[in-house]
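For the numbers below, each heavy atom of this structure counts, side chains included, while hydrogens, waters and symmetry mates do not.
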Amino acid sequence: MPGNARRSIGVRAPILFISAIAWMMLLVNPGSMIALIHCPVTTSWASPMSFKMLVEMNPLSSLAEGWALMLVAMMAPTLTAPVRYILERSFKRRRARSVALFFIGYGAVWMVAGAVLLSTELLLSLLAPRSLLPAIMVGVVAFVWQCAPAKQRCLNRGHNHYALAAFGLDADLDVFRFGMKHGVWCVGSCWALMLFPMLLPVGHFAGMAAVTFQVVSERLEQPRPPDWRLRGPVKLVRILVQQARMGIQGTITGSAVLPTALNPRR
Amino acid sequence: MATYTRNNAWNNGGTFDNHDLLWYAKGVAAMMALPLDNPNSWWFFAAIHGEEIALTAFPGWGFLPSPPAVPTTPLPAQNVKTTYWNQCQHQSWYFPPWHRGYLIALESEIRAAVIKAGGPATWALPYWNYFGPNNQYQIPPAFTVRTLPDGTPNPLFVTARYGPNSDGNIFIPIPPVSQACMNNDLYTGTDAATPRPGFGGPKTGFSHGGRTSGNLESNPHNQVHVDVGGNAPTGSDYGLMSDPGIAALDPIFYIHHANIDRMWAAWNAAGHANPTDPKWLNGPAASGGRKFIMPMAVGAAFPNPWVYTPSDVNSLSKLNYTYDNLVPAVKATPAANLLTQRLTRLGAALAAPAPAGVPMDSGDNSELVGAHQGALSITSSGARATVKLDGVVRKKVAASLTAASVAHPPDHAYLQLENVRGTQDAHKLSVYINEHLAGTVGLFGLRTASLQDGPHGGEGLTFELDITPIIDALHLANGLDVDSLDVRIVPNHAIAAGTSLTVGRVSIYRQSF
């Protein structure tokens, strides 16, 4: 389905709205959602007692809830392209169900990844509580991963959209599988970046915002051959600069220049 | 009066008696003598369109049959490659303007060489109008002889140019190649005269290969590419023109594109408007994408490098260019007349013909009507798909056709070949619905669109055919009240062993108004 149809199915606004709600929830009540709660015992040297205390103060349900909210806030803006693709290729009456199944598949992969990443966070928090050291170590790992060809491969695979069955159980399974595959490449691309703000002793929120800016920018880039290179948020910066420039020009000339839509396809 | 006029390559029989072609050959030879890393070289220019230098097998540039003897070294600096190479815009509304700028830049290089050799200062690229009378559907003979009149090798001759029958006879089969797109009256969008996605292409950002071609790009552009390039008679290799990563190595490339550019200019000359959307006028760089940038020859009327946007090239007169013939060969029928004709065919009671007006994009309200379940593998004998129709949506289509009026125009219908992937571009597929020919598509760009690390992550190409007349005919013959439609896909060549060609899904959409 070519350009016009893509434009006609409004996707971006609802997704950004959902993401904004999640950000507001995190902002209003961060609690243990984006950082572990510590006490004097858990900040002493790692021991079974401190581990027990840490888990009691940060119950799994709370961690899972916080993780899910982080995902919605940070990752939802990257999903407009696959959601639009699913809407285009589904019968109208199945669209909501297909998108829901995609989200379930995508979210399931990220929740599994979250178990690993949260365990890592717990472990590092015990070994070096309230220290900047774990964040620095993971930051270095994230930087190397950010430059690695493997990261580019994951990004490239995230642009691949699959043929979807239209009818019956096959249609349900196809969108669920699509969600899982997309989730796998998304985890592969973003795992280190996601872990980094979780380990910051302060400034989690700012760290999450910075990572989101980076992740969204990466999704706006076209696939490219895998190689070693620094992958910064160049595309999003360029878009914002250009929009600001056009806005200023529009103000000067009196012509209304609408903001260029952030098109994740390109 | 424009300084530069592009003339028909078939003047003086399309031989070197046509001095435009003789000077072109001399200019090409001069550019071919320059090294790959020289921005004024033939090879650098080919890489601006697209390159496959790093590949370790065909179609890697080191594995192409000679002539031409294509160099793979010395490479320019990485930042030069990133700035200039792999720019060509396809499956995009930037397809016509990017290629116009590309032609002008190449032309400046050739012209500089022509002037240096004592040729005319107003030399311009000739165009190959394969829709012309008599034998103009054949490649001009200057491209098929081995030597120039002075006995030196002819740089316009290339080995890897096999033609539609894989036998070295280069011609354009008309039909299925057509200039039906000249009937369109919308650059991007759809109405009664313009099937999706419009004459110039779908709205995109920077698009070095993508999903769905515009109507000018789809036919004739894509089909001419694969007809000229064709398949090698002995195996899975194919002609240069068949693949965007090697196409611009063949000198016929620019003569073909001059004709595509002429068709765009003729379409404008017939009164059809280019986009006024700032996103088109300002190009992809204004939305954070890459800029269009070309090296220009010393002494050209443009800066070097030349950074341009569609607004810089949306009129030939701005560029001091024209063509010797801008009269469209097809007299377009106004959209209102087409709607009236269709309503009459469908039996609608018309109090008055549909009113004429300024062409306007009808917008889009698309809905899936039916689809084939599972992927199709295209073999030499083709493939067959049963496209199951959804009962509810099918009835909506029937109701729309039955109750059609000027106020409630009937649905349009499209067949899509989705996620088409493969390893070889040099094929065309003819698609039949219940044995009615729905159309033919050329697979130009398929290989790169199928690469997992290519510009589209391996999603492949999507082809769309306007099947409204077939659906109308089925409706009138009471043949639409069915659970499924039969779709047959037939390749124009045998699919060579070791190559693959698959269609992810065959689907049918309705577009309501």
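- The two residues B:Ala286 and A:Gln242 come nearest to each other via the heavy atoms O-CB, 3.1 Å.
- For the pair A:Arg157 (side chain) and B:Gly457 (backbone), a donor-acceptor distance under 3.5 Å is absent.
- Looking at B:Ala54, neither its backbone nor its side chain comes within 4.5 Å of chain A, counting heavy atoms on both sides.
- Contact of B:Ala371 with chain A is made through backbone and side chain together, with heavy-atom distances under 4.5 Å.
- Using a 4.5 Å cut-off between heavy atoms, B:Asn86 makes no contact with chain A at all.
- Contact annotation: the side chain of B:Asn419 approaches that of A:Arg89 to within less than 4.5 Å [non-hydrogen atoms, C-beta and beyond].
- For A:Gln222 (side chain) and B:Phe206 (main-chain N/O), a donor-acceptor pair under 3.5 Å exists by modelled atom type.
- More than 12 heavy atoms of other shown residues, nucleotides or ligands fall within 6.0 angstrom of atom NZ in B:Lys396.
- Summarising the geometry, atom CD belonging to B:Gln78 is positioned 7.5 Å from atom CG belonging to A:Asp227; distances are rounded to the nearest 0.5 Å.
- When all heavy atoms of A:Arg95 and B:Ser366 are compared, the closest pair comes out as NH2-O, 3.5 Å.
- Considering all non-hydrogen atoms of both residues, B:Gln373 and A:Phe167 come closest at NE2-O, 3.3 Å.
- In this structure, A:Tyr162 and B:Glu418 have side chains that are not in contact, with every pair of non-hydrogen atoms separated by 4.5 Å or more.
- Of the inter-residue distances, the one linking A:Arg238 atom CZ with B:Ser287 atom OG reads 10.5 Å to the nearest 0.5 angstrom.
- The number of heavy atoms from other shown groups lying within 6.0 Å of NZ (B:Lys388) does not exceed 12.
- Other residues, nucleotides and ligands contribute more than 12 heavy atoms inside 6.0 Å of the NZ atom of A:Lys92.
- The greatest number of non-hydrogen atom pairs below 4.5 Å with chain B, out of A:Arg153, A:Arg224, A:His161, is found for A:His161.
- Residues A:Asn160 and B:Glu459 share a closest heavy-atom pair of OD1-CA, 3.5 Å.
- Looking at B:Gln452, the atoms closer than 4.5 Å to chain A (heavy atoms on both sides) sit in the backbone and in the side chain alike.
- Taking CG of B:Leu368 as the reference point, atom CD of A:Glu88 lies at 11.0 Å (rounded to 0.5 Å).
- You'll find the side chain of A:Phe91 stays beyond 4.5 Å of the side chain of B:Val369, heavy atoms only.
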